[in-house]
Amino acid sequence: MVAVDYVDKSASSSNWSTEDSLSELARLVNTIGIRVTGHLIQKLSSPKRQTYVGQGKLDELIGTQETQPIDQLIFDDELTPLQYKTLVAMFPKIEILDRVSVILEIFSRHARTKEGRLQIELARAQYLLPRLTGQWKHLERLGGGIGTRGPGESQLETDRRLIQKRITTIKKDLEKVSKHRALYRKKRQMSYIPIVALVGYTNSGKSSLLKTLTKSDVLVQNQLFATLDPTTRRLCLPNLTKILVTDTVGFIHKLPPTIIEAFKSTLEELQDASILLHVVDISSLHATEQSITVENILAELGIADKPVITVYNKIDLIDYNQFLSSVDRPGTQDFLKSCPENTVMVSAEKRLGLDRLLHNIESLLLK
Ligand code: GDP
Ligand code: MG
């Protein structure tokens, strides 16, 4: 496959370079078993309305295809329905994907609970509806049954009708499930057990921390979005306060609004939290950008004002002294400047710094 992105020529406020974003896309794509064989970047002030990148660049691609066939073309943004349809028509033999469809594919492979599956199916159907091109293959990926064409209906109309029907059914099912969840939430609120929620960039080590803190069996994987369904475990703090620690879906740069919307009800769990533990992978070269991405999403979810402990994880992977003295390293200066009281350095894997973390949780709960 070839990954495609454009470089924003106008001064960008974000520190993510196009290359960084593309290499993250490549990691996402690897998660679903696709190997990246090339990439294409174009300088534009905004994506082309019809084709995302310019016609010339696409012609170049068609040229290279003779020597190196391409199965998929993956764009590093959410393609508009118009872009998607234009590209499908231009490259009938190539599967056109974008960041959203890749993330949706990963999510649908990783969702375990009924609610998680329904949320993903809904997001997928809603993503698909405006992008239908009248091909059966669209429907194969949806769980709903494939029906027959009504009298006088075109394939496209049939597909549209079936997807709409499916969306209505999923929404009804989701309502039932969320009623159940609301009941459970209420029961939990009544029990007055404080909840500490883990948030953070995907792969930062949230599940590892939950596992280490609660000595329980939690899925940990060196994969983007291994965890989708909220997992909650009990923990008794050193001062004997009982708390619940909950772990949920991780965040990522350019997380499409469709997906945040799909996970709204799962993310509602975060509203009940007394404290958020923002887990940051300190060994990542993009620790700062990743933290900012997470903070922005928390703000979007309306929970940015909750007390937060920033947990710098994976300190076993860095030379601490070297880290603090490496002024050029992205993030170091910001880290040194901000180093607030509610910051801890830990290694979930090597069980380092956990006492201080637990102590910080205790003090914040007492405030
Ligand atoms: P999540 O996506 O935030 O839940 O991340 P996971 O807990 O699944 O961890 C992602 C990867 O980072 C896994 O391969 C973990 O083994 C690894 N990891 C997590 N914590 C640490 C740590 O403290 N040190 C090291 N070296 N690796 C870690
Ligand atoms: Mg996880």
Side-chain angles (χ1 to χ4, degrees), residues 23-25 27-32 102-103 105-113 115-116 119-120 196-233 235 244-255 259-260 263 266-267 269-270 273 275-295 297-298 308-320 322-323 331 335 343-358 360:
S23 61
E24 188 177 79
L25 181 67
R27 274 201 72 197
L28 283 168
V29 161
N30 286 339
T31 310
I32 51 172
V102 171
I103 296 179
E105 179 63 36
I106 301 175
F107 277 20
S108 69
R109 290 184 191 192
H110 290 173
R112 296 280 169 267
T113 62
E115 187 177 26
Q119 284 171 333
I120 279 304
V196 172
L198 293 155
V199 294
Y201 209 76
T202 182
N203 219 49
S204 59
K206 299 175 296 299
S207 301
S208 304
L209 195 58
L210 177 66
K211 189 173 171 171
T212 303
L213 285 176
T214 63
K215 301 187 181 72
S216 57
D217 194 19
V218 175
L219 175 73
V220 170
Q221 258 178 349
N222 191 12
Q223 252 194 9
L224 304 179
F225 298 116
T227 316
L228 280 191
D229 306 303
T231 313
T232 303
R233 298 280 184 273
L235 174 65
L244 294 172
V245 186
T246 172
D247 173 25
T248 177
V249 62
F251 302 145
I252 198 166
H253 171 56
K254 293 191 187 178
L255 187 68
I259 291 183
I260 298 188
F263 277 86
T266 306
L267 293 168
E269 302 265 322
L270 297 177
I275 299 174
L276 302 179
L277 298 187
H278 176 181
V279 183
V280 180
D281 175 356
I282 195 72
S283 74
S284 161
L285 284 174
H286 299 296
T288 308
E289 289 79 16
Q290 295 182 349
S291 313
I292 295 170
T293 302
V294 171
E295 282 160 14
I297 297 173
L298 292 178
V308 176
I309 300 176
T310 307
V311 184
Y312 289 97
N313 186 33
K314 309 199 190 178
I315 53 163
D316 57 296
L317 292 180
I318 57 163
D319 176 337
Y320 187 59
Q322 196 189 349
F323 168 75
F335 176 74
T343 299
V344 287
M345 306 280 264
V346 306
S347 164
E349 207 146 286
K350 300 275 187 285
R351 303 191 55 84
L352 301 171
L354 301 178
D355 292 344
R356 173 136 188 253
L357 171 60
L358 293 175
N360 272 20

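Every number for a ligand or one of its atoms is a count from 1 in the order of the listing.
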- Decide yes or no on side-chain hydrogen bond (donor to acceptor under 3.5 Å, both in side chains) for D316 and S347, but give the supporting numbers first. CA-CA 6 Å; D316 57 296; S347 164; 2.9 Å; yes
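- Numbered from 1 in the order shown, with element, the atoms of ligand 1 that lie under 4.0 Å from a heavy atom of G205 read 1 (P), 3 (O), 5 (O), 6 (P), 7 (O), 9 (O), 19 (C).
- For ligand 1, the polar-atom distance check against A348 finds a nitrogen or oxygen pair separated by under 3.5 Å.
- Backbone and side-chain nitrogen or oxygen atoms of D247 are examined, and none is located within less than 3.5 angstrom of a nitrogen or oxygen of ligand 1.
- In D316, the part holding a heavy atom less than 4.0 Å from any atom of ligand 1 is the side chain.
- An N or O contact shorter than 3.5 Å is missing between L317 and ligand 1 by distance.
- Using a 4.0 Å heavy-atom cutoff, G200 is absent from the residues neighbouring ligand 1.
- Of the heavy atoms in D281, none comes closer than 4.0 Å to ligand 1.
- At least one side-chain heavy atom of L213 sits under 4.5 Å from a side-chain heavy atom of L358.
- Within the 4.5 Å cutoff, the side chain of V344 has heavy atoms near those of the I309 side chain.
- Annotation: S208 places an N or O atom under 3.5 Å from an N or O atom of ligand 1; distance criterion only.
- Note on T202: not counted as a metal contact of the Mg ion (ligand 2), no N/O/S atom lying under 2.8 Å.
- For the 3.5 Å distance criterion, the side chains of D247 and S207 qualify, holding a donor opposite an acceptor.
- Every residue meeting the side chain to side chain donor-acceptor pair (under 3.5 Å) condition with S216, not counting sequence neighbours, appears here in chain and number order: T214, R233.
- Any N or O atom pair closer than 3.5 Å counts here, and K350 shares no such pair with ligand 1.
- Formation of a donor-acceptor pair under 3.5 Å by the K206 side chain with backbone atoms of Y201 is found in this model.
- No donor-acceptor pair closer than 3.5 Å links the side chain of R356 to the backbone N or O of M345.
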